[in-house]
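Okay, so here's the structure we're looking at.
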Amino acid sequence: MNKSVTTPLRQAGPPSRRTILKTGAGLAATAAFGFPGILRAQSDVIQIGHLAPMTGFLGALGDYAVLGIQMAAEEINAAGGVTGREIRVSSEDSINPDTGATKAQRMIERDGAQVLLGEISSATALAISQVAARNKKLFIATGPRSDTLRGSSCNRYLFCSDIPNTVMVNAVGSALKRDEMVDGKKFYTLTADYVFGHDLLRAAKAFFDANGGELIGDELIATDVTDFSPFLLKIRQAQPDVVCANLAGNQVTNLMKQYAEFGLPFPIVGFNLNTADAWAAGPGNLSGTWPTVWYHTLEVPGSQKFVEDFTAKYGKLPENHAWIEYISLKMLAQAMEETQSTDSEKIIDYFESGAKFDILKAREAYFRGWDHQLIQEAYPFTVKPESEMADEQDMLVLGEAVPAPDQDLESIYPSAEQNPCQL
Amino acid sequence: MQFVFLLEQVVNGLVLGGYYLLIALGLSLIFSVGGIVNLAHGAFYALGAYIAVTLGNHIGFGPATAISPVLVALIGIAFERFILRRFYQQDPILSLLVTFGLAMVAEQLIRIVWGAPPLSVSIPGALRGPVIVGPFLFSQYRLMMLAIVALVLVGLWLLLQKTSFGRVVRAGIQRPDMVAALGIRLQPYMTAVVMLGVGMAALGGALFAPITIVHPAMGAEIITVAFVVVIIGGLGSFWGVVLAALLVGVVRGVTIHFVPAAGEASMYVLMFLVLLLRPRGLLGEPIEKFEQ
């Protein structure tokens, strides 16, 4: 009885601390779950669910991904949208495989996302691709490079627009063969100890075997290792001809900084590097030959225009994840425009038809029908001497595109015999 | 030759231990005097690195490395005065939650101020490269770091052992009630201890910035190792923390030599063994206020 008496009195006065807390919690919950009612009401909007790691291990890369996709969406909408409708991208931090999958499900169910796009971690992309397949919604994975994702884990609703591990090994490998750094040479590898690294080591071993290189040692490196000094001592003890990094994200940066610190005499190369990780290494620390999917100095008019617009808009140079998010949304818009539809099945059929896309490179790209990966050029790069660098981001020299202009684009990709994908 | 290789790892581990020491000593001091588990300690390490890199672009590596810890120590005054001070007499879980929250706020602030991409920084050219002594290879930069750590260590030890300031702090660790009964306010001493602690963490950050990635989450990466070192060494023990830091460095190096994949797990196994066999830590002293 007491309660019923006090309640009206309380309401008359200022709100209690508890009420404020409850309200705050309610507000926070609302913000976290979004405003599904509002989104549903606007059926003339094409909703794209965008996921990228914005914190943690790959956070620096995800940041660029968000900037890239925002710019693409603004350009598309400024030109009248897709099939006359506005495109709306909502970006969220995918954090890890579990959270990424949960958010993907929520984007489809409640926000009414017609297509999912994004992600950098191979492990998280795998989880999202399963959600997409269950809901029969298209998912364009933009950043992950694991061969397994487009191999034994492929499915009808998953398309991959970054280069796979095999291509990175082939891109660097072609430069190494040209420089006579493979045949008869002893390699020592450092490998990221999770699915991506293991996958990359497999591709590297196949390359060494095929070209007369000898693997004399490999170290599995946990993703949270920040001090490489004990591994550097082991490398020195083993006296290899070439050191080779199969690492990811922060690992690459830490290794390069400490490799320069210890001043080991062996040339170092690597089969995976993102531009942001290279920039973070600092002047004078990075050396050797590495692969990339895109770099801002690429001499293609479309690419230069993109770099110019991006720099004008955000005041910094675009990283490869900004570029890939940008062209991936543009490819999706093209598919929707051509099919006059946002239906995943129709878009998939269009992608599978071998349609060509301008991805701001010398040659057009296309999705391969039987494993859904984007077939495109890749590039090896080397590092400028410190004295020639204009600033700390001007550190890389892009090599010739691989494969060479007279060779088939697919020649650097895993063949149908090598890739176990069954759609 | 195998023996030389192993010895090389041991020596390298000792050098690495010196770096853990800078972070762990401050953490241990703040806990010993204030009874506060400072989960935000890593944030000061990160701030030390960010401020040093930013200053370093204008005034050079040396001055920036010296000034950054001082600036962070000044931030430490506000941290102690407005946050920690409210929690000395409270349930430890409260200070744990507050410093945990603060660590996340600090990480986001760094992201807002400096941006999510890592900062680019290198070792000054003169300090880059190895020093080769017989069969051993050392990094020139780490040897310099070791010398700085040794200086800080001796300075801190003299401060705690040979000055009246140190006597009050040590008495405050053991019997804060007696110190109060003698008419000495511990509060200003606590402010000084927090300044020292976070300043050392910042020095660690500033020194490590040229050889590891400088990114917003770097504080969270180091805090676990620092805790493990403090637990192994024993609370309230200066030399316990020193011994534990060196031991963790050596055990990690030797483990990587024989079983590389177990390298990161080795320090946790060591902590597990110490907790099992000697819960007080290697050189931990019985402290009355923590014994109930």
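In what follows, every chain begins at residue 1, and chains take the letters A, B, ... in the order their sequences are listed.
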Task: B:R111/A:D63 salt bridge by N-O under 4.0 Å criterion - done: no

- [ ] Decide, yes or no, whether a salt bridge links A:E261 with B:R128 under the criterion of side-chain N to carboxylate O below 4.0 Å.
- [x] no

Would you call [X] and [Y] a side-chain contact if the rule is heavy atoms closer than 4.5 Å?
X: A:Q258; Y: B:I123; answer: no
X: B:S120; Y: A:P283; answer: yes
X: A:W279; Y: B:P117; answer: no
X: B:R252; Y: A:P230; answer: yes
X: A:F262; Y: B:L137; answer: yes

Task: Any residue meeting side-chain contact (heavy atoms from CB on, under 4.5 Å) with B:T224, in chain and number order, not counting sequence neighbours - done: B:Y268

- [ ] For B:I59, check side-chain contact (heavy atoms from CB on, under 4.5 Å) against everything at least two apart and list the hits.
- [x] B:L55, B:P63, B:A64, B:I67

- [ ] Would you check if the side chain of A:K234 reaches a backbone N or O of B:H257 as a donor-acceptor pair within less than 3.5 Å?
- [x] yes

Task: B:T212 side-chain N/O to A:N254 backbone N/O, donor-acceptor pair under 3.5 Å - done: no

When rounded to the nearest 0.5 angstrom, what distance separates [atom1] in [X] from [atom2] in [Y]?
X: B:F138; Y: A:S229; atom1: CZ; atom2: OG; result: 11.5 Å
X: A:Q237; Y: B:E8; atom1: CD; atom2: CD; result: 5.0 Å
X: A:N285; Y: B:I211; atom1: CG; atom2: CD1; result: 10.5 Å

Report which part of [X] has an atom under 4.5 Å of a heavy atom belonging to chain B: side chain, backbone, both, or neither.
X: A:A281; value: backbone
X: A:Q393; value: neither
X: A:M256; value: neither

Open item on the list: I need the residue from A:D224, A:V225, A:L220, A:L264 with the largest number of non-hydrogen atom pairs under 4.5 Å to chain B.
Closed with: A:V225

If I measure from the heavy atoms of chain A, does [X] come under 4.5 Å with its side chain, its backbone, both, or neither?
X: B:A209; value: backbone
X: B:P210; value: backbone
X: B:I213; value: both
X: B:E264; value: side chain
X: B:L16; value: side chain

- [ ] Check whether more than 12 heavy atoms from other residues, nucleotides or ligands sit under 6.0 Å from atom NZ of A:K384, and answer yes or no.
- [x] yes

Task: Flag if over 12 foreign heavy atoms under 6.0 Å of CZ, B:F272 - done: no

- [ ] Verify the distance criterion only: is there a donor paired with an acceptor across the side chains of B:E221 and A:T226 at less than 3.5 Å?
- [x] no

TODO: Grab the two heavy atoms, one from B:H215 and one from A:N250, that are nearest each other, plus how far apart they are.
DONE: CE1-ND2, 3.2 Å

